[in-house]
Amino acid sequence: MSGQAGNGLTLVLLHGLGANRHVWDVVAELWDGDVYAPDFRGHGEAPWRGHYSFGTMAADVAEALQRDHGRGPYAVVGHSMGGAVGLALASGWFGPPPTHVATIGVKLRWSDEELFRIDGLAARPPRMFDDRDGAVEWFMKLSGLFGVFAPDDPGLAATIDSGVIADQASGAVGADALWRTTQDPATVGVGPPDMTGLLPAAKCPVVMALGEHDPLAAPDHHDDLAATAATNPFAAGVTTPHVFYGLGHNAMVEDPRAVAAWLATLLAFTGTS
């Protein structure tokens, strides 16, 4: 992808709930410039914390960016929950806002049943499995990869390795070890993003996208954002999301080249026209 290298822009890639930074590995390889892809607290190799919210995750990202990448320009691409964290960064509440925020697969409509279940799911202890295969299957369900990829898909090796772990607290070792996902169940407590608060607060252009077959999001769901988007010119385009045809919820894993190509068309990311 031409135009990115040497312009001083850091591309920040944020994963979704239940996943980890490695879902962005191929997109990062395709980006000809500086990339920062973290594990959110309670995911992957990041430590579990006592509190989870879009704000605390945005603060973590902002702190790491300032520490490791200085105060230079950065753009954010966030998947699902990561998209909401990106919108929190767009507010400028946690430091300088990005130049742009792009989201993929943000869930906008939540049923009463889903909202009711959040607290209960967040309070549950981690599920334990007698073998790694059981933990891998559970991880793939939590991250939305189940049924889309095979557990032994070589392209998922790093993602799965970062998504499951032998549980040391059980005291069992070797063949007797119990396995679990690295995600803290309490992270489910972040709940739905407050789009009526996030979009009006954005201090940079926001664009949104989704997969054609995403079970959690659909183009017509974005009609719900019309009144909110009308309050902020930066958010004017969110009612007409880009659609990745033939793809599902994890578009950046299913077809990373399509996602990379889409980013390349967002010319403001490259600083060129």
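Note: hydrogens, waters and symmetry copies are ignored here, and every other heavy atom, side chains too, is used.
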Would you mind reporting whether Q183 and L142 have side-chain heavy atoms less than 4.5 Å apart? yes
Hey, are the side chains of W48 and P126 touching, using non-hydrogen atoms and a 4.5 Å cut-off? yes
Transitively linked via ILVMFWY side-chain contacts under 4.5 Å: V190 with L216? no
Please step through side chain to side chain donor-acceptor pair (under 3.5 Å) for the pair Y36 and D68, ending with a clear verdict. CA-CA 9 Å; Y36 172 57; D68 300 333; 5.5 Å; no
Do the side chains of V243 and V77 join up, straight or via other hydrophobic residues, at under 4.5 Å, putting them in one cluster? no
Before you tell me yes or no, could you show the steps for L225 and M208 under side-chain contact (heavy atoms from CB on, under 4.5 Å), namely the whole-Å CA-CA distance, both residues' side-chain angles and the distance that decides it to 0.1 Å? CA-CA 11 Å; L225 303 177; M208 302 183 76; 4.0 Å; yes
Got a second to check how far T103's OG1 is from L87's CG, nearest 0.5 Å? 6.5 Å
Salt-bridge criterion met for R257 and E29 (N-O under 4.0 Å): no
For a 4.5 angstrom cut-off between non-hydrogen side-chain atoms, does L266 reach L263? yes
Answer yes or no: is there a side-chain heavy-atom contact under 4.5 Å between L108 and V106? yes
Among D161, D167, D152, which one satisfies salt bridge (Lys or Arg N to Asp or Glu O under 4.0 Å) with R132? D161
Do H69 and Y74 have ring centres separated by under 6.0 Å? no
Transitive ILVMFWY side-chain link I165 to L156, under 4.5 Å: no
Once the angle between the rings of W262 and H242 is folded into 0 to 90°, is it parallel (under 30°), tilted (30 to 60°) or perpendicular (over 60°)? parallel
Distance, nearest 0.5 Å, that separates CD1 of I118 from CD of E113: 11.5 Å
Measuring only between side-chain heavy atoms, which start at C-beta, is H213 closer than 4.5 Å to L247? no
Please round to the nearest 0.5 Å and tell me the distance separating atom OG of S80 and atom CG of L17. 7.0 Å
Flag, side chain of T182 to backbone of S162, donor-acceptor distance under 3.5 Å: yes
I'd like to know whether F40 forms a side-chain contact (heavy atoms from CB on, under 4.5 Å) with R21, so could you lay out the CA-CA distance, the side-chain angles of the two residues, the decisive distance to 0.1 Å, and finally the verdict. CA-CA 8 Å; F40 285 131; R21 69 183 187 275; over 6 Å; no
Qualifying ring pair (Phe, Tyr, Trp, His ring centres under 6.0 Å) pairs with a residue from residues 219-238, counting only residues at least two apart or across chains: none
In Å and rounded to the nearest 0.5 Å, what is the CG to OG1 distance from L11 to T99? 9.0 Å
Quick one: do H249 and D214 satisfy side chain to side chain donor-acceptor pair (under 3.5 Å)? Show the steps, please. CA-CA 4 Å; H249 185 59; D214 190 336; 2.8 Å; yes
Within a 6.0 Å radius of atom CD on E212, are there more than 12 heavy atoms belonging to other residues, nucleotides or ligands? yes
Side-chain heavy atoms under 4.5 angstrom apart, residues restricted to Ile, Leu, Val, Met, Phe, Trp, Tyr: same cluster for L210 and M252? no
Taking the side chain as C-beta and beyond, is there a heavy-atom pair between D255 and F244 under 4.5 Å? no
Using the side-chain contact (heavy atoms from CB on, under 4.5 Å) rule, take T10 and V35 through it: C-alpha gap first, then chi angles, then the decisive distance, then the call. CA-CA 5 Å; T10 297; V35 173; over 6 Å; no
Using side-chain heavy atoms (C-beta onward) and a distance below 4.5 Å, is F54 in contact with M81? yes
Is the shortest side-chain heavy-atom distance between H100 and V207 below 4.5 Å? no
Audit row: D112, F116, side-chain contact (heavy atoms from CB on, under 4.5 Å) steps and yes/no: CA-CA 6 Å; D112 291 342; F116 177 77; over 6 Å; no
Exceeds 12 heavy-atom contacts within 6.0 angstrom, atom CZ of R109: yes
